[in-house]
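Down below is the structure, laid out as structure tokens.
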Amino acid sequence: MFSILTNTIFASALLILIVSWIAGSKASRLLYGGSAERLSRKTRKQMVWAAYASLPAASLVVATLLMTQSMSPVFWEDRVLLHLPLTVVPLLAIWFLSMPRLWKLWRETRKLTGSPLSADIRRQAAHPLIIVPFQMSALGAVTVFYYLLVTPVPLQLTKAIVPILIWAAAIVALWFVHDRRFQRVSHPEAVIVYQPWRRALRGLGIFFVAAGLSATALVIESQNSRLPDQLNMAEGPMEFGGGPALAHNAPGAISVAMLTGPREGTPDRKFTLTAEKKTITLSSGEQVDAWTYNGQIPGPELRMKQGELVEVTLINRDIEEGATIHWHGLDVPNAEDGVAGATQDAVMPGEQHVYRFIAEQTGTFWYHSHQDSQEAVEKGLFGPLIVEPETPVETSPVEDITVITHVWENAGFSIGANTGVQRKKMTPGTPVRIRLINTQDWVRQKYVLTGTPFQVAAVDGTDLNEPGQLQDTHLELPTGGRADLTFVMPDHPVFLSAGGDQKLGILLSRDGTGEIPDIPKTEVFDLTHYGTPVATQINAQSDFDREFQLILDNKIGFYNGQFNSLYTLNGKVFPDTPMFMVREGDLVKTTIVNLGAVDHPMHLHGHHMLVLSYNGEPVTGSPWYSDTLDVKPGDTYEVGFVADNPGLWMDHCHNLTHAAVGMSMHLMYEGVTTPYTVGSETLNHPE
Ligand code: C2O
Ligand code: CU
């Protein structure tokens with residue numbers, strides 16, 4: 001609904017602009033009608049143009065009012081306070097000031113014939129009140145566009161009012177221009193000649209001045225958007241969420257480099273991941289110039305048991321851009337989090353870095369490089385990470401299948417390096433767990449399991465409580481999201497489709513052959529009412545120490561000197577995005593609102609967010625912990641978490657192309673500093 005309304009408003013504003021622009025220029029030429037007959041005809045047409053201009057204006061007003069009926073004020077307060085006056089005031093002026101005059105002029109010229117026009121008729125035809133309202137409407141639409149594209153969020157009236165003041169000033173200026181002409185032509189001896197070249201010249205003059213001014217503004221904006229050569233991530237603008245102010249670099253502050261996992265002790269598991277470039281052939285025969293861990297895409301599956309001490313050595317063989325490993329969804333100590341420029345320096349070719357942590361959670365995770373993450377993940381520097389419970393929950397052995405999906409540049413959608421349907425033998429009666437991991441940037445991916453009822457046993461590496469049986473249901477995972485599906489193998493084939501059709505997936509059957517079943521019509525899985533509730537450390541009634549608001553939006557503008565579509569957090573892009581400050585032990589609530597046009601899967605490092613409510617409705621099923629929360633246009637989520645993992649934590653959109661143009665911020669603990677820096681003078685480029 002939100003998207004329909006915003007698109008209607010956008011289209012309406014565009015139509016208002018076009019139609020009123022034409023109507024305005026026609027109105028200003030009425031005077032040159034020449035003969036009374038022509039003037040009369042043009043006047044009549046002008047009234048029709050007024051009606052044309054009113055239609056999109058009315059649709060903009062209706063769409064805005066509908067929004068006020070169905071959504072919370074954050075979605076429409078700027079629209080009502082700023083966009084509506086820009087639309088309604090000109091509309092009223094057209095109907096109450098221009099129309100009566102046009103009507104009168106038409107009635108008076110209808111019966112007249114011949115030329116030249118009398119002074120009185122000329123006066124009427126040149127009256128500013130039949131011209132300026134149309135121009136006002138056109139400029140109003142331009143201003144609405146400015147607001148739509150360069151959004152002032154969160155709404156600050158003092159700043160937001162400036163464009164309206166400019167609009168008002170432009171109207172006054174137009175008024176003077178038209179009034180001067182009006183005075184001139186009202187003179188009984190005035191000679192009316194239409195001088196197209198003069199008009200054209202003047203138009204061109206105005207155009208060049210406007211173009212010059214905008215170009216200057218753009219150059220300044222572009223310069224201002226340049227990122228500093230070197231920047232400490234702990235130096236962002238702080239927000240305290242209504243709690244007491246905190247200092248991150250107070251005396252006694254601790255460096256993130258100290259916040260490591262256990263540095264002593266023999267690891268229970270040791271892995272070595274070597275980052276290297278390699279050309280990989282997919283099952284389709286397509287070749288991918290990949291960046292790999294251990295020469296394979298995806299990287300090797302790292303399996304471990306809960307409570308184990310894990311040691312992973314990253315060696316960078318030849319990725320000149322550098323590499324790290326971030327354990328997506330695993331809440332490790334800060335120094336092990338693998339973010340270049342925040343928790344470590346990027347590992348350059350020939351260098352290595354050792355990560356050590358205890359796997360505290362169980363479930364499905366993945367790892368990926370967090371240096372140039374957008375390009376690194378796209379090219380293959382990622383792999384699955386599975387933490388098994390210490391003692392198996394199920395009595396009979398479970399068939400565990402990891403389905404990690406990705407879209408390779410120029411080579412298409414795949415599960416691992418497989419681009420088609422894989423067939424697998426599965427004895428009926430076997431318990432099966434399918435672990436879905438979506439690594440694909442940009443798209444929310446669809447997965448359909450056909451041929452058996454199933455449960456969604458876990459989401460984002462957290463088990464759900466008493467998950468119910470599902471059928472004819474599909475899942476949509478945002479980039480970075482995971483879900484575990486469980487079922488008992490029936491005596492007929494089961495098909496897991498990645499993407500929702502029969503092209504890509506896994507077919508399970510008794511003998512490893514069989515037909516791919518038809519994909520039924522399915523409903524999307526809804527986690528807000530699934531499973532049963534159980535007590536949690538925090539809940540919607542908790543007494544939160546800090547409450548933050550995080551508004552997601554988009555605008556056009558510059559990022560690091562480049563003109564781009566920008567995705568904003570509270571109206572800003574990195575490094576101007578807010579840094580949410582917390583103290584260890586705080587209960588934190590964040591309200592995330594998406595005012596923009598596309599999904600933003602928000603990923604908070606080091607913590608799991610408990611979803612408290614979705615669009616004002618409390619979550620009534622199983623506790624739902626998320627680390628990658630897909631916030632769609634028009635969505636509002638309230639999430640809570642306990643600040644129990646000190647450090648400097650990234651909080652960004654996992655649509656990594658968005659993060660790469662500044663949709664990134666961080667959660668910062670009191671008394672924590674970082675020795676690492678980012679920027680062009682450093683080697684660290686986390687996004
Ligand atoms: Cu999966 Cu900050 O990343
Ligand atoms: Cu995004």
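In listed order, ligands and their atoms are each counted from 1.
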| request: Specify which N/O/S atom of His368 comes nearest to atom 1 (Cu) of ligand 1, by atom name. | output: NE2
| Nearest-0.5 Å distance, CE of residue Met304 to CZ of residue Phe271 | 4.5 Å
| field | Straight-line distance of Thr590 OG1 to Met609 CE, nearest 0.5 Å | value | 8.5 Å
| What residue among His603, His328, His600 forms side-chain hydrogen bond (donor to acceptor under 3.5 Å, both in side chains) with His654? | His328
| remark: Asp372 meets the side-chain contact (heavy atoms from CB on, under 4.5 Å) criterion, sequence neighbours left out, with Glu321, His685
If you look only at distance, which donor and acceptor atoms sit under 3.5 Å apart when one is on a side chain in residues 642-649 and the other is two or more places apart or in another chain?
unit_1	atom_1	unit_2	atom_2	d
Asn645	ND2	Val332	O	3.1
Asn645	ND2	Gly606	O	3.2
Trp649	NE1	Asn645	O	2.6

| message | Using a strict threshold of under 4.0 Å (side-chain N to carboxylate O), is an ion pair present between Asp289 and Lys379? | response | no
| said: Does this structure show an ion pair linking Lys446 with Glu476, if we count only N-O contacts that are shorter than 4.0 Å? | reply: no
Are the side chain of [X] and the backbone N or O of [Y] linked by a donor-acceptor pair below 3.5 Å?
| X | Y | answer |
| --- | --- | --- |
| Gln361 | Gly329 | yes |
| Asn294 | Gln296 | no |
| Asp586 | Arg583 | yes |

| task | Report the protein N/O/S neighbours of atom 2 (Cu) of ligand 1 that fall below 2.8 Å; do not count waters. | result | His370 NE2, His605 NE2, His652 NE2
| Using a distance threshold of 2.8 Å, what protein N/O/S atoms lie below it relative to the Cu ion (ligand 2)? | His600 ND1, Cys653 SG, His658 ND1
